[in-house]
Novice: 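Have a look at this one before I ask anything.
Labels below follow one simple rule: chain letters A, B, ... track the order of the sequence lines, proteins then strands, and each chain is numbered from 1. Because only heavy atoms are used, hydrogens play no part in the values below, and waters and symmetry mates are left out as well, while side chains stay in. None of these values were measured; they are calculated from a predicted model.
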Number of protein chains: 4
Amino acid sequence: MKWLTAIFLLAGMVASMRSHPRRAPARTGRPRSAEADAAILGATRAALVELGWSRLTLGDVATRAGVAKTTVYRRWSGKSELVVDAVAELFDELELPDRGSLAADIEGVVLQFAALLERPEARTALMAVVAESTTDVPLRERIRVSIVDRQKRLVLEGRARARARGELPVETDPVTAARAADLIFDMIAGAVVHRALVSCEPVDRHWVGRFTAVLLGGLGAAES
Amino acid sequence: MKWLTAIFLLAGMVASMRSHPRRAPARTGRPRSAEADAAILGATRAALVELGWSRLTLGDVATRAGVAKTTVYRRWSGKSELVVDAVAELFDELELPDRGSLAADIEGVVLQFAALLERPEARTALMAVVAESTTDVPLRERIRVSIVDRQKRLVLEGRARARARGELPVETDPVTAARAADLIFDMIAGAVVHRALVSCEPVDRHWVGRFTAVLLGGLGAAES
Amino acid sequence: MKWLTAIFLLAGMVASMRSHPRRAPARTGRPRSAEADAAILGATRAALVELGWSRLTLGDVATRAGVAKTTVYRRWSGKSELVVDAVAELFDELELPDRGSLAADIEGVVLQFAALLERPEARTALMAVVAESTTDVPLRERIRVSIVDRQKRLVLEGRARARARGELPVETDPVTAARAADLIFDMIAGAVVHRALVSCEPVDRHWVGRFTAVLLGGLGAAES
Amino acid sequence: MKWLTAIFLLAGMVASMRSHPRRAPARTGRPRSAEADAAILGATRAALVELGWSRLTLGDVATRAGVAKTTVYRRWSGKSELVVDAVAELFDELELPDRGSLAADIEGVVLQFAALLERPEARTALMAVVAESTTDVPLRERIRVSIVDRQKRLVLEGRARARARGELPVETDPVTAARAADLIFDMIAGAVVHRALVSCEPVDRHWVGRFTAVLLGGLGAAES
DNA sequence: ATGTAAACGAGACGGTACGTCCCGTCTTATC
DNA sequence: GATAAGACGGGACGTACCGTCTCGTTTACAT
């Protein structure tokens, strides 16, 4: 059973690396306060809701969290990193219950994305950190791992279910499969984000229905 | 011949209103320098390329433009407004030559958008101003007028041509027609932006081909 | 009677030179508005009362006077010069009625100075322009001509009367006489200004009485 | 022994209150740098000498002191307050050695004042801050405590010595005594300042001799 | 229980940019 | 050529945050 232990250890490392990637396990001295971590992330989301991205300051976050500024900087190297982690926690809640058909699952994914983009902290933060990431490669990677991949997981899950149901053919070439998944993901996520944040129109059931119809029709047509 | 003068005055008002919407035509005093306007917008784009959105400062823009800071603030109320106008000029170049078929026209639109998003000034600026606009309604409107509508124009043009060619049925209900156009626009623009800025993958001919196939297939399926 | 005309001409020249020393008599074009001059000087005094020296700006003065900024700059080279001229007009009102004795005349002079220093425009302006004059020689000269000499005139007049009355001996050596007058003037003006502006105590009849007693006692003792 | 600690704390509070009157002793956080204080005050005097009051800027002072602008503003609320403190240090040097007689002591005081007013930093600053104080009551108080009272101390000291020598009668009524001291102080300080800064004539031994003769004569005459 | 080393709160520090105010000059059209 | 209007290049303002630093204090773990 040693391998199971190893897996959990690995999981622990991965989990701790996620939030504080390169920190050694630090055996002596006062350990960092877990409460402080939570308070800071919560304060960050609260500040995002109240102030929006551009008026949010780390000093203010520290004050809201009842924490010194140094305590924030000890954990995060800047505003972008902190906000990514604060918003990423929202994406942990994403779930895709099996709704019985590919169409229903797609609608479920879209509605989940849309609900997230209704939250003001996500609205104001997501575009901002993506904008920052155009000139900051490490940040781009952090966003991919913490946010984008968590979204994409839903799409992959839905596709796997559709295949199991026989609604989609089993793609044998992994490269082609990945390309197809990327395309679908960009189309779903892109359309929802554009509708919600650029066009600023509601992502309601009518829109979702029309969108899903076009997307599914396209998939069917393209596959045949 | 006084009416001629009036027409020219009116034309001047309209022209000046386009760039600085609410400014009265100011009959007395020294007129604003048109050179300064152009120099500032050019300097803004140059600074965006070099520094990116977050490191761009209005003081630096003024210096680059060989202009005093007050001259910038006299025309634009802040960084977001200035950048929207500076980037909007790029969108004036968008053209949609008739490529003979709906599929070819869609590919043309997508490639045009993608080429724009290759430009570093657009990459770094677009997401940033959209992020700002989530907490700034006037800015949202400015973006819509200056940027989004200029993009959407291409889609509308492409649809009109396809109808003329008989590739698309003539929609009689204007509300349904507008909804359909909005959906297509969000799907096209959203997918391209997501691919280019979030997934950070190239929008090349292969991707465009696959995307267009899915979209057109979906349109055909949805319509039948 | 030609010499009388000459005297009046001379007086006119001197008067015009006083306010705008070096201006040529400008024979062509639109003549300068005399109303503007008066309005500017009045507005300057009003602004001094309301804002004090340091918050007074020439733009504000121009607005108050209903005049363009250029109209102010055409007449005065800067804030100090303008304020000196504005305040100097107050010193034109200084009069020394013959009160019958040297002691009474001194008390009269002191009270006149004190009354002037009660006016807020004089309080705030006088020290300020003197401070400026420590690093600005032409300004120093302007202050001497426009303000200091007008004060000193009273002292000289009082001394002449006292001599006529026989209260003071007739000094034959002009150098000694001038030195004595300077000393008395510095003592009177200095004491009043210091009392009013530095110690910020009222220059009332009691203080004036005690001051005059000491000064006159000193003059009597020094002369014998 | 806790009361001893308390006394030292109190002493510290009093000492710090002298330079920054209302600041609490601030037990936590990084303490303020005493070097910065000294550097700023020194830089202020240097800038006054070079530029004069009106061209002195707090930004320039900070640069000269090798300090950030915020470090200046953290300690002083504005130019006037800073300059008062910077110039006040010059008045700490004032000393009145016993020169054996009232006349000699007065001449000593006058020459000390005059020497101070020879220094360009004092020349340009004193009138300026007094001018500001006409519209700024807290500043007036600061000037009184930091500058005027330090000057007046010399006069009071000289008077005490003269009484001890029997040159002046011992005044029993404290109100009358204070009035007399104030009058003498205004006459001495006022005459010197007026001579030096308004008339712009040298305060040399001849002038001091004549001034002292008049003043002492007046005192003698008034007292008898 | 005691030592030690890191985390912690507080806040001062050197900086950068902000957006505003005023300067003194200039460029218009009008008088 | 004087005037009203107002744009212009420029400089300083006082403020807000940045990210770092230096304090004194607290806290868990290793002796």
Novice: Just verifying a value: how many Å separate B/Ser54 OG and A/Trp53 CH2, rounded to the nearest 0.5 Å?
Specialist: 8.0 Å
Novice: Is the distance from OP1 or OP2 of E/dA12 to the nearest side-chain N or O of D/Ser33 less than 4.0 Å?
Specialist: no
Novice: Looking at OG of C/Ser133 and CE of D/Met127, how far apart are the two atoms once the value is rounded to the nearest 0.5 Å?
Specialist: 10.0 Å
Novice: Between A/Ile40 (CD1) and E/dC8 (C1'), how many Å, whole number?
Specialist: 11 Å
Novice: Does D/Arg30 get its side chain close enough to the base of F/dC21, under 3.5 Å, for a donor-acceptor pair?
Specialist: yes
Novice: Enter the distance from B/Thr44:OG1 to B/Leu58:CG here, rounded to the nearest 0.5 Å.
Specialist: 7.5 Å
Novice: Are C/Arg75 and C/Asp37 close enough for a salt bridge, meaning some N to O gap below 4.0 Å?
Specialist: yes
Novice: Extract all donor-acceptor atom pairs below 3.5 Å that involve side chains of residues 65-74 of chain A and protein atoms in other chains or at least two apart in sequence.
Specialist:
none

Novice: What is the distance from CZ of A/Arg32 to P of F/dC29, rounded to the nearest Å?
Specialist: 15 Å
Novice: Nearest 0.5 Å, please: how far is OG in A/Ser77 from CG in A/Leu82?
Specialist: 9.5 Å
Novice: Would you kindly give the CZ-to-C1' distance between D/Arg75 and E/dG11, to the nearest whole Å?
Specialist: 12 Å
Novice: Between A/Leu82 (CG) and F/dG19 (P), how many Å, whole number?
Specialist: 11 Å
Novice: Let me have a per-nucleotide readout for nucleotides 10-17 of chain F, 5' to 3', with B, S or -, counting only protein heavy atoms under 4.0 Å.
Specialist: B-SSBBBB
Novice: Could you give the distance from CD (B/Glu132) to NZ (B/Lys79), rounded to the nearest 0.5 Å?
Specialist: 8.5 Å
Novice: Does F/dC29 have OP1 or OP2 under 4.0 Å away from a side-chain N or O of A/Thr28?
Specialist: no
Novice: Please walk me through it: do A/Thr135 and A/Arg140 pass side chain to side chain contact (heavy atoms under 4.5 Å, CB included)?
Specialist: CA-CA 9 Å; A/Thr135 57; A/Arg140 188 145 67 219; over 6 Å; no
Novice: Please name the residue in the list A/Arg55, A/Arg64, A/Arg45 that meets the salt bridge (Lys or Arg N to Asp or Glu O under 4.0 Å) test with A/Glu50.
Specialist: A/Arg64
Novice: For DNA chain F, determine which residues of residues 42-53 of chain B have any heavy atom closer than 4.0 angstrom to one of its atoms, and list them numerically.
Specialist: none
Novice: In whole angstroms, how far is the C1' atom of E/dA12 from the CD atom of D/Glu35?
Specialist: 14 Å
